[in-house]
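Only one structure is covered here, and it is reproduced in the block below.
What you see is a predicted model; the values in this text were computed from it and never measured. Just so it is clear: chains get the letters A, B, ... in the order the sequence lines come, proteins before strands, and each one is counted from 1.
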Amino acid sequence: QVQLQASGPGLVKPSETLSLTCTVSGGSLNDYSWSYIRQPPGKGLEWIGHVSFSGNTDYNPSLRSRVTISIDTSKSQFSLKLSSVTAADTAVYYCARLKPDIWFDPWGQGTLVTVSS
Amino acid sequence: QSALTQPASVSGSPGQSITISCTGTNHDIGSYKLVSWYQRHPGKAPKLIISEVIKRPSGVSHRFSGSKSGNTASLTISGLQAEDEADYFCCSYAGRSTYIFGRGTTVTVL
């Protein structure tokens with residue numbers, strides 16, 4: 001049974017870079033893509049982007065200039081970097097497995113990242 | 001990309017049926033049979049309950065069903081139970097390997 005667990009700092013200063021890593025256990029990273037999704041307080045879910053097992057990426061157009069998602073198959077991990085953060089980037093961040101075009105499943109527990117000085 | 005439109009809340013009594021709508025545009029829901037629904041209990045990770053508009057993953061209750069008409073997708077929960085109290089999110093493929101989610105609907109069992 002595939003499980004995902006995100007980790008990273010819970011507090012990031014404005015203008016700095018938010019970094020999260022998602023560790024996948026119980027299955028291979030092959031044949032799927034791997035995604036980050038977030039939910040700001042009081043708002044809906046927002047797809048951030050995803051990386052394929054081969055390293056190809058796609059990003060939300062609204063975040064593309066600030067986002068980098070990478071994968072390390074040897075460590076069963078994929079990572080998110082979001083640069084130049086502001087308070088608007090405060091959110092619960094989820095990682096999830098993506099069957100391209102079809103579904104996100106399973107999801108990690110979610111980790112709250114607060115942008116504040 | 002604006003979020004898909006869902007009602008903020010829906011409620012029903014045990015045993016009743018409720019339907020949650022999810023409205024998009026002809027660039028997402030209207031163009032693809034690729035709508036999925038997710039259930040999230042407080043403090044828990046979202047769980048896939050419907051994919052490709054109507055498909056129910058193994059282990060998901062038959063009380064959950066999906067449909068789509070035009071730019072609007074719907075999730076119906078039949079025989080409402082206390083355990084169905086949760087947040088529900090819709091998601092649609094939006095072309096060019098992008099995805100759009102709904103704002104979420106809180107289901108309350110009265």
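- Separation of atoms CD1 (B/Ile49) and CG (A/Asp105) is listed at 11.5 Å; rounding is to 0.5 Å.
- How far OH of B/Tyr99 is from CG of A/Leu45: 15.0 Å, rounded to the nearest 0.5 Å.
- Taking the six-membered ring for Trp, B/Tyr38 and A/Trp103 have ring centres at least 6.0 Å apart.
- No continuous path of hydrophobic side-chain contacts links A/Tyr59 to A/Phe53 [ILVMFWY only; heavy atoms under 4.5 Å].
- The closest side-chain heavy-atom distance from B/Phe101 to A/Ile37 is below 4.5 Å.
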Apply side chain to side chain contact (heavy atoms under 4.5 Å, CB included) to residues A/Trp47 and B/Thr98 and explain how you reach the verdict. CA-CA 8 Å; A/Trp47 169 74; B/Thr98 67; 3.6 Å; yes

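- Contacts of A/Phe104 with chain B are made by both backbone and side-chain atoms, with heavy-atom separations under 4.5 Å.
- Tracing side-chain contacts under 4.5 Å through hydrophobic residues (I, L, V, M, F, W, Y), one reaches A/Val85 starting from A/Val113; they form part of the same cluster.
- Under the 4.5 Å side-chain heavy-atom criterion for Ile, Leu, Val, Met, Phe, Trp and Tyr, B/Ile54 and B/Leu75 are members of the same hydrophobic cluster.
- To the nearest 0.5 angstrom, A/Gln39 atom CD is 7.5 Å from B/Asp87 atom CG.
- Residues A/Val115 and A/Leu112 share a hydrophobic cluster, clusters being chains of Ile/Leu/Val/Met/Phe/Trp/Tyr side chains in contact below 4.5 Å.
- A/Glu46 contributes no side-chain N or O that, together with a main-chain N or O of B/Ile100, makes up a donor-acceptor pair within less than 3.5 Å.
- Of all heavy-atom pairs spanning B/Ala45 and A/Gly108, the tightest one is CB-O, 3.2 Å.
- Heavy atoms of A/Leu4 lying under 4.5 Å from chain B are absent altogether.
- Grouping the Ile, Leu, Val, Met, Phe, Trp and Tyr side chains by contacts below 4.5 angstrom, directly or via other members, places B/Val60 with B/Ile77.
- At least one side-chain heavy atom of A/Tyr94 sits under 4.5 Å from a side-chain heavy atom of B/Arg40.
- Considering only heavy atoms from C-beta on, A/Ile102 comes within 4.5 Å of B/Leu34 through its side chain.
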Before giving the answer on side chain to side chain contact (heavy atoms under 4.5 Å, CB included), spell out for A/His50 and B/Ser97 the whole-Å C-alpha distance, their side-chain angles and the decisive distance to 0.1 Å. CA-CA 9 Å; A/His50 59 259; B/Ser97 297; 4.2 Å; yes

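- Taking CZ of B/Arg96 as the reference point, atom CG of A/Asp58 lies at 11.5 Å (rounded to 0.5 Å).
- The shortest non-hydrogen separation linking A/Gln109 to B/Lys44 is NE2-CA, 4.0 Å.
- When each of B/Pro57, B/Gly102, B/Pro46, B/Cys91 is scored by its heavy-atom pairs under 4.5 Å with chain A, the top score falls to B/Pro46.
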